[in-house]
Novice: 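Next up is a structure, given as structure tokens.
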2 protein chains.
Amino acid sequence: MITTLRALAEPHRFQIVELLRDGPRPVGDMVHRLRLRQPQVSKHLRVLSDAGLVDVRVDAQRRIYALRPAPFQELEVWLERYRRLWEDNFQRLDALLDELKTKEKKRGRTKR
Amino acid sequence: MITTLRALAEPHRFQIVELLRDGPRPVGDMVHRLRLRQPQVSKHLRVLSDAGLVDVRVDAQRRIYALRPAPFQELEVWLERYRRLWEDNFQRLDALLDELKTKEKKRGRTKR
DNA sequence: CTTATATATTCCTATCCACGAATATGTCTT
DNA sequence: AAGACATATTCGTGGATAGGAATATATAAG
């Protein structure tokens, strides 16, 4: 999970991933679209590959990169456990109770 | 989005977020549970706060930190656009077609 | 007002990593 | 086999940042 997040957290890599969302692409195409230098793109792809976010298919001299679904699925599974943050009242209820408690404590004195 | 990812990509911050998933907590509690030194926890919380992932509520000398739902919702919205990766056939079809093309090209010669 | 408790900030340092430049590897074409 | 094309790797460097130690700030308690 951390590996996935770290890989995605770099802006250029994020852009590469966003590009690949629309389908597999060769390196040169990404170089052109993102206006980055070829070595940097290759290096970012290496990081993404090591993180398991992409895989490569060889087509003559070209390498076609594509997203691997697995890490994105894992991200989604992880995120699901945070749904309650906005779907339940959950912390809102908690915060409300705490606030009431705070007000009670402060009764009779000036704030700050 | 990048801001959110960067904040989550650091292991200790990730742990803090995981802790806060179960509800708001004061700093000292996290220090104790994660066995980190207090200044580091405060610094990580600062980063999380700047990234909009948490907010603080003052309770006497203590500060109670809680997750903010918004960034997690945004993450989920972003992730939704990647669902097709595994729900459709999408790239699988694409890859299949490419593979057929490759085999055709290679017909009659030795691999590598 | 002094002390204790809880948290935040500052300063320093070592480490990591993204970039640029140069070069290497691999494959196609002729 | 030679050159062209596509991609990968290496090396060096500057900037960002996490951690440690010390200190500052804020509130509570006596």
Side-chain angles (χ1 to χ4, degrees), chain A residues 2-3 5-17 19-20 24-51 54-66 98 101-102 104-112, chain B residues 2-3 5-17 19-20 24-51 54-66 98 101-102 104-112:
Chain A
I2 295 287
T3 311
L5 292 170
R6 280 184 60 80
L8 290 171
E10 204 285 326
H12 288 147
R13 282 197 293 270
F14 188 84
Q15 285 188 303
I16 290 176
V17 168
L19 259 188
L20 290 178
R25 294 182 185 283
V27 178
D29 183 79
M30 302 189 243
V31 169
H32 178 256
R33 286 175 193 269
L34 302 181
R35 303 188 172 185
L36 298 175
R37 310 190 188 264
Q38 177 267 316
Q40 317 308 330
V41 173
S42 283
K43 279 185 278 191
H44 282 310
L45 286 167
R46 181 74 145 96
V47 175
L48 291 171
S49 177
D50 288 348
V54 302
D55 61 3
V56 208
R57 181 168 51 78
V58 176
D59 175 33
Q61 318 109 333
R62 297 187 305 176
R63 314 286 167 102
I64 314 290
Y65 282 85
D98 278 324
K101 196 172 63 182
T102 304
E104 185 166 342
K105 276 187 175 177
K106 285 186 177 166
R107 199 170 284 157
R109 20 190 206 90
T110 313
K111 175 145 193 182
R112 222 181 180 275
Chain B
I2 294 287
T3 310
L5 292 171
R6 280 183 60 79
L8 290 172
E10 205 283 327
H12 287 148
R13 279 196 296 270
F14 188 84
Q15 286 188 304
I16 290 175
V17 169
L19 259 189
L20 290 177
R25 293 182 184 284
V27 178
D29 183 78
M30 304 190 241
V31 169
H32 178 255
R33 287 176 193 268
L34 301 181
R35 304 188 172 186
L36 297 175
R37 310 193 187 263
Q38 177 267 318
Q40 319 307 330
V41 173
S42 283
K43 279 186 277 191
H44 283 309
L45 285 166
R46 182 75 147 95
V47 174
L48 290 170
S49 177
D50 288 348
V54 302
D55 61 2
V56 208
R57 181 168 51 80
V58 176
D59 175 33
Q61 318 109 332
R62 297 187 306 175
R63 313 288 165 101
I64 314 288
Y65 282 85
D98 279 323
K101 197 171 65 182
T102 304
E104 185 167 344
K105 275 188 174 175
K106 285 187 176 165
R107 198 170 284 156
R109 21 187 207 92
T110 313
K111 176 145 193 183
R112 230 188 175 275

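Each chain gets a letter, A, B and so on, in the order its sequence line appears, and its residues count up from 1.
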Novice: Output yes when at least one side-chain N/O atom of A:Tyr65 is less than 4.0 Å from OP1 or OP2 of D:dA8, else no.
Specialist: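 A:Tyr65 to D:dA8 OP1/OP2: side-chain N or O found under 4.0 Å.
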
Novice: Figure out the CG/P separation between B:Leu36 and D:dA21, and round it to whole Å.
Specialist: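 So the two atoms are 14 Å apart, to the nearest Å.
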
Novice: Return the value, rounded to whole Å, for the distance between atom NZ of A:Lys43 and atom C1' of C:dC19.
Specialist: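 Taking atom C1' of C:dC19 as the reference, NZ of A:Lys43 is at 6 Å.
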
Novice: Would one find a side-chain N or O of A:His44 under 4.0 angstrom from OP1 or OP2 of C:dC17?
Specialist: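 No, outside the criterion.
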
Novice: Taking only side-chain nitrogens and oxygens of A:Arg63, does any of them come within less than 4.0 Å of OP1 or OP2 of C:dG26?
Specialist: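 For C:dG26, neither OP1 nor OP2 has a side-chain N or O of A:Arg63 closer than 4.0 Å.
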
Novice: B:Asp29 has an atom CG; how far is it from atom P of C:dA6, in whole Å?
Specialist: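 It is 12 Å, rounded to the nearest whole Å.
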
Novice: Write down the distance between CD1 (A:Ile64) and P (D:dA8), rounded to a whole number of angstrom.
Specialist: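 Rounded to the whole Å, the gap is 11 Å.
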
Novice: From the options D:dA16, D:dG20, C:dT9, select the nucleotide whose nearest atom is closest to the side chain of B:Arg37.
Specialist: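 So the nucleotide nearest the side chain must be D:dG20.
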
Novice: Is the shortest heavy-atom distance from the side chain of A:Arg46 to the side chain of A:Asp50 under 4.5 Å?
Specialist: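 SC-SC contact between A:Arg46 and A:Asp50 confirmed.
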
Novice: Would you say B:Val41 and B:Leu34 make side-chain contact, with heavy atoms under 4.5 Å?
Specialist: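 They are not in side-chain contact.
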
Novice: In whole angstroms, how far is the P atom of C:dT3 from the CD atom of B:Gln61?
Specialist: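 After rounding, the gap between these two atoms is 17 Å.
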
Novice: Taking the side chain of B:Ala60 as heavy atoms from C-beta outward, which of D:dA28, D:dA18, D:dA22 is closest to it?
Specialist: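 The closest nucleotide is D:dA28.
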
Novice: Rounding to an integer number of Å, can you tell me how far A:Arg46 CZ sits from D:dT9 P?
Specialist: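 The distance from CZ of A:Arg46 to P of D:dT9 comes to 5 Å, rounded to the nearest Å.
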
Novice: Rounded to whole angstrom units, what separation is found between the CD atom of A:Gln38 and the P atom of D:dT9?
Specialist: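 In whole Å, D:dT9 P and A:Gln38 CD are 11 Å from each other.
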
Novice: Quick one: does B:Met30's side chain get under 4.5 Å of B:Leu20's, heavy atoms only?
Specialist: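 Of all side-chain heavy-atom pairs linking B:Leu20 with B:Met30, at least one is under 4.5 Å.
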
Novice: So, do A:Gln40 and A:His12 sit near enough that their side-chain heavy atoms are less than 4.5 Å apart?
Specialist: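 With C-beta onward as the side chain, the pair stays apart.
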
Novice: Between A:Arg13 and B:Leu45, name the one whose nearest nucleotide on DNA chain C is closer to the 5' end.
Specialist: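 This one resolves to B:Leu45.
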
Novice: Which whole-number value in Å describes the distance from A:Gln40 CD to D:dT13 P?
Specialist: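 Distance, rounded to whole Å: 17 Å.
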
Novice: Does B:Ala7 offer a backbone N or O that forms a donor-acceptor pair with the side chain of B:Arg13 under 3.5 Å?
Specialist: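 Yes; at least one donor-acceptor contact below 3.5 Å.
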
Novice: Examine C:dA6: is either OP1 or OP2 under 4.0 Å from a nitrogen or oxygen in the side chain of B:Arg62? Give yes or no.
Specialist: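 Result: no.
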
Novice: Under 4.0 angstrom, heavy atoms only, what part of the nucleic acid is B:Pro26 near: base, sugar-phosphate, or nothing?
Specialist: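 Sugar-phosphate, backbone atoms only, no base.
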
